[in-house]
Amino acid sequence: MNDTVEPLAAASVADPSAVAAPLFAWWHANARDLPWRFGRTTPWGVLVSEVMSQQTQMSRVVPYWRAWMDVWPDAAALAAASPAEVITAWGRLGYPRRALRLQECARVVAGECADELPRSYDGLTALPGIGDYTASAVMSFAFGMRIAVIDTNIRRVLSRVFTGVESLGGSAKPAERDLANRVLPADAGESVTWNQAVMELGALVCTAKSPRCDVCPVSGLCMFLAAGRPGLGERRTRPRQRFQGTDRQVRGIVLDALRRLPAGGGDGGGDVGAAGTMPGVPSLPRAQARQLWADRAQLDACIASLDDDGLIEILPDGSLRLPRA
DNA sequence: CTCCAGGAAC
DNA sequence: GTTCCCGGAG
């Protein structure tokens with residue numbers, strides 16, 4: 001079977017331009033009409049959409065993004081908000097530390113960058129909460145620069161199409177980055193479409209467990225399909241993340257209770273006579289907080305960790321509230 | 001039960 | 001490299 005020797009390493013990879021043509025046609029016909037696409041928002045709006053989309057489905061992000069950008073259309077506006085407002089607006093998007101980091105990011109951009117995002121990868125990754133993926137995505141989608149975007153979808157699609165194997169777990173390996181850079185179109189504009197189209201294909205067609213190869217625009221060029229889809233769904237890109245009974249659930253319950261407190265100083269039925277409490281951000285008496293979770297030790301540990309993360313404040317009397325500053 | 005456009009701390 | 005953050009839809 002191995003009677004022919006590959007003359008060059010590049011020869012083992014399908015011609016990217018042959019993949020791009022059907023992929024781009026598919027993109028133009030099937031791209032989701034997300035409100036931050038197609039030049040309808042600012043670079044800051046793109047960054048907000050990317051942060052909200054981390055580990056969260058787009059369908060859930062859209063309404064939050066619209067409401068968020070309506071209230072805080074730029075970094076300066078978000079920088080001026082209180083953390084309590086920001087955490088409340090984040091709602092149930094999940095991983096609320098992202099909200100806090102996004103505001104820290106806004107304060108840096110507003111305070112040190114004249115309210116304009118850095119236009120370099122290094123400048124972007126230096127911002128709080130902005131890592132490799134988000135910096136690359138902003139460079140590509142907001143600024144139109146030619147840069148390879150590497151996320152879990154793109155890793156999966158490129159690995160399948162061009163090498164015929166499933167991408168492995170863990171962080172992106174040098175070989176995966178080399179591949180992404182090698183197949184990225186030379187033209188900047190085409191590179192942006194490529195990044196978005198490959199990502200969209202991974203989200204809608206070339207999914208992890210049940211890829212819809214029957215409707216895939218590049219099935220005829222896909223090495224993974226040609227090889228019989230070896231090891232399909234065999235390995236996850238991340239270890240499974242349970243939720244029930246974990247600190248993540250307990251933290252979510254505590255934070256949700258604080259978000260639900262009536263605004264304007266109500267305390268949900270606790271001691272209204274606490275003379276020292278300020279109006280504006282209501283607090284939850286510790287006695288009520290204890291009823292949120294049966295395991296006292298776990299609850300107290302979670303309250304402490306939320307405090308460490310800056311997601312809540314613990315008042316001298318032990319009551320809890322969202323941070324005012 | 002599974003799925004999902006990450007980042008940062010250790 | 002491993003582990004910790006979260007939540008809702010299917």
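Below, read A as the first sequence line, B as the second, and so on, with proteins coming before strands; counting in each chain starts at 1. Note that the structure is a prediction, hence the values are computed from the model and not measured.
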Separation of atom CG in Leu47(A) from atom P in dA5(B), rounded to whole Å:
18 Å
Quick check against the 3.5 Å criterion: does Ser159(A) have a side-chain atom that pairs as donor or acceptor with the backbone of Arg156(A)?
no
Of the residues in residues 81-89 of chain A, which ones touch DNA chain B at a heavy-atom distance under 4.0 Å?
none
What does Arg98(A) touch in the nucleic acid at a heavy-atom separation under 4.0 angstrom: a base, only the sugar-phosphate, or nothing?
nothing
Of all residues at least two apart in sequence or in a different chain, which pass the ring pair (Phe, Tyr, Trp, His ring centres under 6.0 Å) check with Trp65(A)?
Trp36(A)
The residue, Ser171(A) or Gln249(A), whose nearest nucleotide of DNA chain C is more 5′ is Ser171(A)
Short side-chain N/O contact to dG8(C) OP1/OP2 from Arg92(A), under 4.0 Å:
yes
According to side chain to side chain donor-acceptor pair (under 3.5 Å), does anything in residues 70-79 of chain A pair up with another residue at least two apart or in another chain? List the pairs.
none
Contacts satisfying side chain to side chain donor-acceptor pair (under 3.5 Å) that involve residues 19-28 of chain A (not counting sequence neighbours) are none
Do any pairs count as a salt bridge (charged side-chain N to carboxylate O under 4.0 Å, His left out) and have a residue in residues 200-223 of chain A, sequence neighbours left out, and if so which ones?
Arg32(A)-Glu200(A), Arg37(A)-Glu200(A)
Using the salt bridge (charged side-chain N to carboxylate O under 4.0 Å, His left out) criterion, which residues pair with Glu313(A)? Sequence neighbours excluded.
Arg321(A)
Residue list, ring pair (Phe, Tyr, Trp, His ring centres under 6.0 Å) with Trp44(A), at least two apart or on another chain:
none
So the ring-ring contact (aromatic ring centres under 6.0 Å, His included) pairs with at least one residue in residues 133-159 of chain A (sequence neighbours excluded) are none
Residues of residues 292-309 of chain A with any non-hydrogen atom less than 4.0 angstrom from an atom of DNA chain B: list those, numerically ordered, please.
none
The correct set of residues in residues 201-217 of chain A placing a heavy atom under 4.0 Å from DNA chain B is Ala203(A), Ala208(A), Lys209(A)
Enumerate the salt bridge (charged side-chain N to carboxylate O under 4.0 Å, His left out) contacts for residues 106-121 of chain A, please, sequence neighbours excluded, ordered by first and then second residue.
none
According to side chain to side chain contact (heavy atoms under 4.5 Å, CB included), who are the partners of Arg98(A), at least two apart in sequence or on a separate chain?
Val51(A), Gln54(A), Thr56(A), Trp90(A), Leu93(A), Tyr95(A)
Can you tell me, in whole Å, how much space there is between the C1' of dC4(B) and that of dC5(C)?
15 Å
